[in-house]
Each structure stands twice: as C-alpha cells, then as structure tokens.
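No hydrogens, no waters, no symmetry mates; every other heavy atom, side chains included, goes into these values. The structure displayed is predicted, hence computed values, not measured ones.
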There are 2 protein chains.
Amino acid sequence: MDTIRAGHQEAGELTAADGLIQLSRLVQELHARTSERHDLTPVQAKLLCVLVLGPRGMAELAQGFGVERAALTGLVDRAERRGLVKRSPVPGDRRARHVMLTDAGRQAATAFHADATVELEHLLDPLAPRDRERFCNAMDEIINAGGHP
Amino acid sequence: MDTIRAGHQEAGELTAADGLIQLSRLVQELHARTSERHDLTPVQAKLLCVLVLGPRGMAELAQGFGVERAALTGLVDRAERRGLVKRSPVPGDRRARHVMLTDAGRQAATAFHADATVELEHLLDPLAPRDRERFCNAMDEIINAGGHP
DNA sequence: TATTGTTATACTCTATAACTATA
DNA sequence: TATAGTTATAGAGTATAACAATA
C-alpha cells in the first residue's frame, strides 16, 4: 500500500503543492462519502447547500457552479425527479424559473450539512488549538486572495 | 457576484469546515484549468502523474484511485487512444498487463506537473514565509493523520 | 437583439454484473 | 477457487449547438 502517492517522500516531508493536492483529496473524499451516506451525489449535496440560502435562478446557479446552463438543466431535472427541489415561476419575468428546496430537500440539506461540518472539523483534530487557529487564519488569507495575484 | 458562497460571512470569518471546502475548491479548479491547458482531463492528468513513477498494473491503479477495475479499463482505453499510455504484458503472469507512459505521455506528464506545481505554490503567496512554513507543517499533520482518528 | 431556459447529441467517468483467461 | 482484466449496460455530469419564449 502507499504505492500510489505521487510525490510522497518521508512522513512530514511534503512539498507545498503535494500538501495542497493531498489535503484537497481528503476533503473531496470526505465530501463524497458523506454525500453517499445521505443518498446524494456530491453535486446534489452542493446544490442543496446553496439552495438553503434561498431560491436561485438557473443562470445564477450555473454561473455559481461554473457550468453551462444546459448542464444545470440536467442537474435540476435529476434533483427534481428525486423530490429534492422544485421549479417555480418568477413574478415579473416569464422566461425565468426559480429553483427552490422541497421539504424533503430542506431536510436532506440540513442533515447533510450538519454531518459534513462535523466530519470536516475532525480533520483538524490533529492540530493543537493554537496551530488550528493559525491554520484557519492562513486558509482565510489564501481564500480571500482567491488565487488572484 | 458572490451570491453563491455557502457559509460566506465577512472576509476573514470562515468556519474551519467552510475554509477546508473553499480551499479544496480552489485547488480543484486550479487542477481542472491546468489540465485543460494541457489538453488533458483532470483524471488523465492524475493518471499520468502516477505513471511517471513507473509502470503499474490495472488492479494496482484501480485500488490507488479508489475506483473499480472496470472503470480503470475505460480510463486507460481513452488515454491509450490519445497515445498517452500503452499496455504491455507482465513477464511471469499472463493475466496481468502493465500500464506505462508513451513518450508523448511522459512529455505531457512532465509539462503538466511542472505547470501545476507552480500554480499550486502561488496559492500560498499571500502567506508570510513563517506562516507558510507553519501552514505546510499543519497540512502534513493533517495528511499523516489521514482522517483516521 | 439579448437573455432565460430547454432539447439534442456526444463524451468522460463511474458502478454493477457477467464473462475470459490464467494462477 | 481466486485473481487480472475485459465487456456490457446504465447513470451522472459536462460541453456544444440549435431552439423557443420572453425581454
């Protein structure tokens, strides 16, 4: 085992790039496993979490997800078929539709989010309180820079 | 803009969970964009990076990727069709095949890896040298714990 | 004309199940 | 029997292009 871990050297000797890749892998795997436990695909879980904040238009969702509008149609179709979301007309613009959670969707979203949050926090358990705080501050700096130089 | 950022509050006020999710999103987006620049799918780029370390069996790769053997067959089929990898017999076991890089595949792998590494390192540019070192150490701790309590 | 959303089509990635060939 | 790999089939997620309805 451990045959496949690109860039792996000794424990505690990782490149910054490798560290970021492997940390991201941990987060994605955790997200995938948690979604599966809640009988959701990872993308559906993401959709539900966004819709908890309120109804959204298709174009708005597509832009936020970084996918084409056509891809979002399929995504919402499948979520709607599973009874998680519904489409409703937008007063004042007869072209547009709002996507919103059904009751079942809201329940699923809440349960998933709570579970995922707990699991993610556990990732930081190995850090001492002080280091954990520093780590979160560093993440904030990186995220707020947002890859923009 | 910024309409869709679950858990977003004020700049510099993110939950640990939200921070991990958004950092992971940055890394994944960067990986996707870099793959695209090199005319690779993200999964193909990952495959090439693993194969730089040497030939691997199908079962070995499937296990390392956390996917079924059948899924890997398709993955290698497509990479082979694009001339990136090739299959070869394994001396001593006539059931097995080794997957290895072609010359084009090795070139693509090297170019991609160099590019991705640079981009990933840039993510940490906002951190002061000392903070950057602490951040990398923290990532190491998290990864070496590996989500295992 | 521009925007919102959909349909049609195709490709990648993945899983499950059934199969072949070898160990 | 067990293992290595493949084929067949199905579904999710995505893109592009063409379309309808409305603004």
Side-chain angles (χ1 to χ4, degrees), chain A residues 3-4 25 28-29 31-33 35-50 55-100, chain B residues 3 25 28-29 31-33 35-50 55-100 108:
Chain A
T3 320
I4 295 180
R25 187 170 53 78
Q28 295 302 311
E29 284 175 359
H31 181 252
R33 281 201 312 272
S35 305
E36 194 177 14
R37 265 205 309 281
H38 290 260
D39 199 30
L40 299 168
T41 68
V43 181
Q44 276 171 353
K46 203 169 113 189
L47 176 64
L48 297 191
C49 285
V50 167
R56 294 285 186 270
M58 298 292 289
E60 194 181 356
L61 287 170
Q63 208 216 337
F65 276 52
V67 303
E68 292 299 313
R69 293 188 322 262
L72 207 86
T73 294
L75 196 57
V76 171
D77 283 349
R78 290 185 290 274
E80 196 170 30
R81 242 183 277 134
R82 294 196 189 182
L84 298 169
V85 308
K86 59 190 171 192
R87 289 166 162 101
S88 65
V90 174
D93 188 342
R94 294 198 321 212
R95 296 170 303 179
R97 332 272 318 255
H98 268 169
V99 185
M100 59 180 60
Chain B
T3 320
R25 187 169 54 78
Q28 296 302 311
E29 284 174 359
H31 180 251
R33 280 201 312 272
S35 305
E36 194 178 12
R37 267 206 308 280
H38 290 260
D39 197 33
L40 299 168
T41 68
V43 181
Q44 277 172 352
K46 202 170 114 189
L47 176 63
L48 297 192
C49 286
V50 167
R56 293 286 185 270
M58 298 292 288
E60 194 181 357
L61 286 171
Q63 208 216 338
F65 275 52
V67 303
E68 291 299 313
R69 291 187 324 254
L72 208 87
T73 294
L75 196 55
V76 171
D77 282 350
R78 290 185 290 274
E80 196 169 30
R81 243 183 276 135
R82 296 196 188 182
L84 298 168
V85 308
K86 59 190 172 193
R87 290 165 161 102
S88 65
V90 174
D93 188 343
R94 295 200 321 216
R95 295 170 304 179
R97 332 273 315 258
H98 268 168
V99 185
M100 58 181 60

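Positionally, the nearest nucleotide of DNA chain D for B:A70 lies more toward the 5' end than for the other of A:K46 and B:A70. Between B:G92 and A:A59, the residue anchored nearer the 5' end of DNA chain C, judged by the nucleotide with its closest heavy atom, is A:A59. DNA chain C is contacted by both A:R95 and A:D77; A:R95 maps to the nucleotide lying nearer its 5′ end (nearest heavy atom per residue). Nearest-nucleotide assignment on DNA chain D puts the 5′-proximal partner with B:G74, out of A:A71 and B:G74.
Residue B:L75 is classed as a sugar-phosphate contact, given heavy-atom separations below 4.0 Å to backbone atoms only.
Computed from coordinates, the B:Q63 CD to D:dA4 P distance equals 10 Å when rounded to whole Å. Nucleotide D:dT16 holds its C1' atom 13 Å from the CD atom of B:E36, rounded to whole Å. Atom C1' of nucleotide D:dG5 and atom CZ of B:R87 are separated by 9 Å, given to the nearest angstrom. Straight-line distance from the CE atom of A:M58 to the P atom of D:dA21: 18 Å, rounded to whole Å. In this structure, the CZ atom of A:R81 is 13 Å from the C1' atom of D:dA10, given to the nearest Å. Between the CD atom of B:E68 and the P atom of D:dA8 there is a distance of 19 Å, rounded to whole Å. If you take CZ of A:R94 and P of D:dA21, they are 12 Å apart, rounded to a whole angstrom. The nearest whole Å value for the distance from the CZ atom in A:R69 to the P atom in D:dA20 is 15 Å.
Remark: the backbone N or O of A:T41 is paired with a side-chain donor or acceptor of A:Q44 at under 3.5 angstrom. Judged by distance alone, with hydrogens and angles left aside, the side-chain atoms of B:E60 form a donor-acceptor pair with the main-chain N or O of B:G57 at under 3.5 Å.
Two residues are said to be in side-chain contact when any heavy atoms from C-beta on lie closer than 4.5 Å; A:L84 and A:L40 meet this criterion.
The side chain of B:T73 contributes an N or O atom lying less than 4.0 Å from OP1 or OP2 of D:dT6. For the OP1/OP2 pair of D:dG13 and a distance below 4.0 Å, the side-chain nitrogens and oxygens of A:R78 include at least one atom meeting the criterion.
B:D39 CG: 12 or fewer foreign heavy atoms inside a 6.0 Å radius. By the neighbour-count criterion of 12 heavy atoms within 6.0 Å, atom CD of A:E29 is densely surrounded, having more than that number from other residues, nucleotides or ligands.
Taking every nucleotide of DNA chain C with any atom under 4.0 Å from a non-hydrogen atom of chain B, the first and last of them, 5' to 3', are C:dT12 to C:dA23.
Ion pairing between a basic and an acidic side chain is recognised when a charged N comes within 4.0 Å of a carboxylate O; B:E80 and B:K86 show no such pairing. Ion pairing between A:D77 and A:R87 holds under the 4.0 Å rule for side-chain N and carboxylate O.
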